Amino acid sequence: MILFDGVWFSYTPGRHVLQDISVEISPGEVVALMGENGAGKTTLVKHINGLLKPSQGTVFIDGVDTRTTSTAALARKVGFVFQNADHQLFADTLEGEVAFALRNLGFPNDEIDERVTRYLEKFDLTRYKERSPFLLSGGERKRLALASVLCVEPEVLILDEPTQAQDAIQKLKLAQLIDSFRGSGSIVFLVTHDVEFAVQVVDRLLLISQGRLLADGSPRQILGNHDLLRRARLLPPQITQLAHKLADRLPSFPRDIITLKEAVTATSRLLAKR
Amino acid sequence: MLDDVTLSFPQGGFIGLVGPSGCGKTTLARCLNGLIPHFYPGKMTGEVIINEWNTSEHAAHELAQKVGLVFQNPENQLVAPNVEREIAFGPENLGVPRQEIRRRVEDLIQSIRLEEIRDKAPFELSGGEQQRVAIAATLALEPEILVLDEPTSNLDPLSAYEVLQLLHRLNRENKLTIILIEHRLELVAPLAQELVVLDEGCVIAKGPTREVLMDEKVAEVGVAIPKVVQLVKQLNHPRLQAACPLSVDSAVKAILEEVER
């Protein structure tokens, strides 16, 4: 479980990047943290693996105060994929990259081999396994960073902009993988601007703006609220924008649509009436 | 990485370059401003001609005045101690007069909304802010062609929308040719006149945006077709499909017209 209790943080005195954040996340929850550029999203998630410690307030991971433990100890529980994959890739080969954390955490060799193979496969990277990570494309490097963290199968997964530079097929695979982590009781914490992806995979959306928690609820509750979204510089999914504009003209059209399937049903019904 | 690509980009056009992850989009972008063949090792055959210049016969710094490239990862192109100096860096290196540099910097700070961060160092900026600065710094060279490699990947949706509106304006008013690599097709589709689709280094589709988006093989390789286009495709309604709206507004308009018939 993750618990933020009245957390404040500033890099330089007097400039609060996080202000009074309190939130609780339970095992098996998939949460997206969304908000404008510079809102404090990355700063917030860096508190979960202890890279940053609160200036005021407390962060508990499974009941342990992050101030009383080390980032190394937290790394067993918390996997972190950075926004910029280049900040974490360093090995000579893709295989070496994925094996690194497993080896550090003392996994047996046959287990390491099995996971390296499995996770390279899941991210469509098997054909490059003996290459240097730096010969990969931007999207492939991002997937390698994901593979090298997910292979540890941590209790808490933090993914900073995981869909960056990914096409529709890769996003679908990632969505399925996140589902399987949810199924095994992990917490998945996404930092993302990708509203369409969030609608597809998350149970809960946290909206942050200028360091403050603005909203906490289901995607349907939050993505239909234009005022809230505008404050966090988000746009509703295209389908929701369409539903709102149609409902403004045709009051019988459902407003709270967020998926393509719902839109197809509602629009077919509308057109069939004629 | 690229396999027998033959393409021409019309002057003053707005072209979207799309395709699955790893298909060769970035490689193609690097060919446009001469980073390939001058900087990256590898083997290139064939020719790239930019406004009558063959890229293999002109140095990268010459080509930089014709073709501005905004990198996928903004950190790889930010070098100066603060935002203002970053924007001035390119023109300073090309010996542009001081007054003119000052004008360009001020114009760009205005139009790209950088006022609040003008004195900050690149490492103090969020990912999205860095991306806006990288675009400003490239525009400061006043290139004829602007190539952008996923310029909105770190931006919040409203900032992404604003960046694309800015590109649209530069294309319309300044006749700047825009070649845009972007996965968020819902943002690109209403603006781009043409799309080029790459898969495994080959061009598999090109043409007017509407036609390319309706082409089944484009969806099959993993190009994220905008939700409004998917909606129209699934509705099984010939008149709406023929209209093929590319934006929310045009979809709303087309659906209302059908309802009111």
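Atoms considered below: every heavy atom in the structure, side chains included; atoms not considered: hydrogens, waters and symmetry mates. All values derive from a computational prediction rather than experimental measurement.
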Atom [atom1] of [X] with >12 non-hydrogen neighbours under 6.0 angstrom:
X	atom1	answer
A:Phe134	CZ	yes
A:Lys129	NZ	no
B:Tyr161	OH	no
A:Gln210	CD	no
A:Asp179	CG	yes
A:Arg249	CZ	no
B:Asn236	CG	no
A:Arg231	CZ	no

In terms of heavy-atom proximity below 4.5 Å to chain A, should [X] be classed as side chain, backbone, both, or neither?
X	value
B:Leu240	side chain
B:Val221	backbone
B:Thr26	neither
B:Val228	both
B:Glu150	side chain

Which atom of [X] lies closest to which atom of [Y], heavy atoms considered:
X	Y	answer
A:Leu234	B:Pro157	CD2-CD, 3.4 Å
A:Leu242	B:Ala251	CD1-CB, 3.6 Å
A:Gly35	B:Asp156	O-CB, 4.1 Å

Mind checking salt bridge (Lys or Arg N to Asp or Glu O under 4.0 Å) for B:Arg113 and listing every partner two or more places apart, or none if nothing turns up?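 By the salt bridge (Lys or Arg N to Asp or Glu O under 4.0 Å) rule, B:Arg113 matches B:Glu162.
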Side chain, backbone, both or neither: which part of [X] has an atom under 4.5 Å from a heavy atom of chain B?
X	result
A:His87	side chain
A:Asp86	side chain
A:Glu140	both
A:Arg233	both

How many angstroms lie between atom [atom1] of [X] and atom [atom2] of [Y], to the nearest 0.5 angstrom?
X	Y	atom1	atom2	result
B:Gln130	A:Asn37	CD	CG	10.0 Å
A:Asn84	B:Asn76	CG	CG	7.5 Å
B:Glu129	A:Glu36	CD	CD	9.5 Å
A:Glu161	B:Leu155	CD	CG	9.5 Å
B:Glu258	A:Thr267	CD	OG1	12.0 Å
A:Lys171	B:Ser21	NZ	OG	11.5 Å

Considering only heavy atoms and a distance below 4.5 Å, find which of A:Lys261, A:Arg230, A:Glu196 pairs most often with chain B.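 Ranked by contacts with chain B, first place is A:Glu196.
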With chain B as the partner, which of A:Ser137, A:Ala39, A:Gly138, A:Ala165 has the greatest number of non-hydrogen pairs under 4.5 Å?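 Ranked by contacts with chain B, first place is A:Ala165.
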Under a 4.5 Å cutoff for heavy-atom pairs, which residue among B:Gly22, B:Ala224, B:Ser247 has the most contacts with chain A?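 Looking at each option in turn, the highest pair count goes to B:Gly22.
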Report the C-alpha separation of B:Leu158 and A:Leu229 in whole Å, then their side-chain angles, then the decisive distance to 0.1 Å, and conclude whether the side-chain contact (heavy atoms from CB on, under 4.5 Å) test is met. CA-CA 10 Å; B:Leu158 216 51; A:Leu229 293 184; over 6 Å; no
Just to verify, what does A:Lys245 make a side-chain contact (heavy atoms from CB on, under 4.5 Å) with, not counting sequence neighbours?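 Counting only residues at least two positions away or on another chain, A:Lys245 forms a side-chain contact (heavy atoms from CB on, under 4.5 Å) with B:Val248, B:Asp249, B:Val252.
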side-chain contact (heavy atoms from CB on, under 4.5 Å), that's the test. Do B:Gln234 and A:Leu260 meet it? Break it down for me. CA-CA 10 Å; B:Gln234 290 186 24; A:Leu260 177 62; 3.6 Å; yes
Just to be sure I understand the criterion: a residue of residues 142-151 of chain A counts if one of its heavy atoms is under 4.5 Å from a heavy atom of chain B. Which ones qualify?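 Within residues 142-151 of chain A, the residues under 4.5 Å from chain B are A:Arg143.
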Can you name the residues of residues 181-193 of chain B that have some heavy atom under 4.5 Å away from a heavy atom in chain A?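 Result: B:His183, B:Arg184, B:Glu186.
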I'd like to check B:Pro226 versus A:Gln238 (side-chain heavy atoms, cut-off strictly below 4.5 Å). Are they in contact?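 A side-chain contact exists here, since the closest heavy-atom pair is under 4.5 Å.
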Is any side-chain heavy atom of A:Asp167 less than 4.5 Å from a side-chain heavy atom of B:Val223?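 Side-chain contact under 4.5 Å: no.
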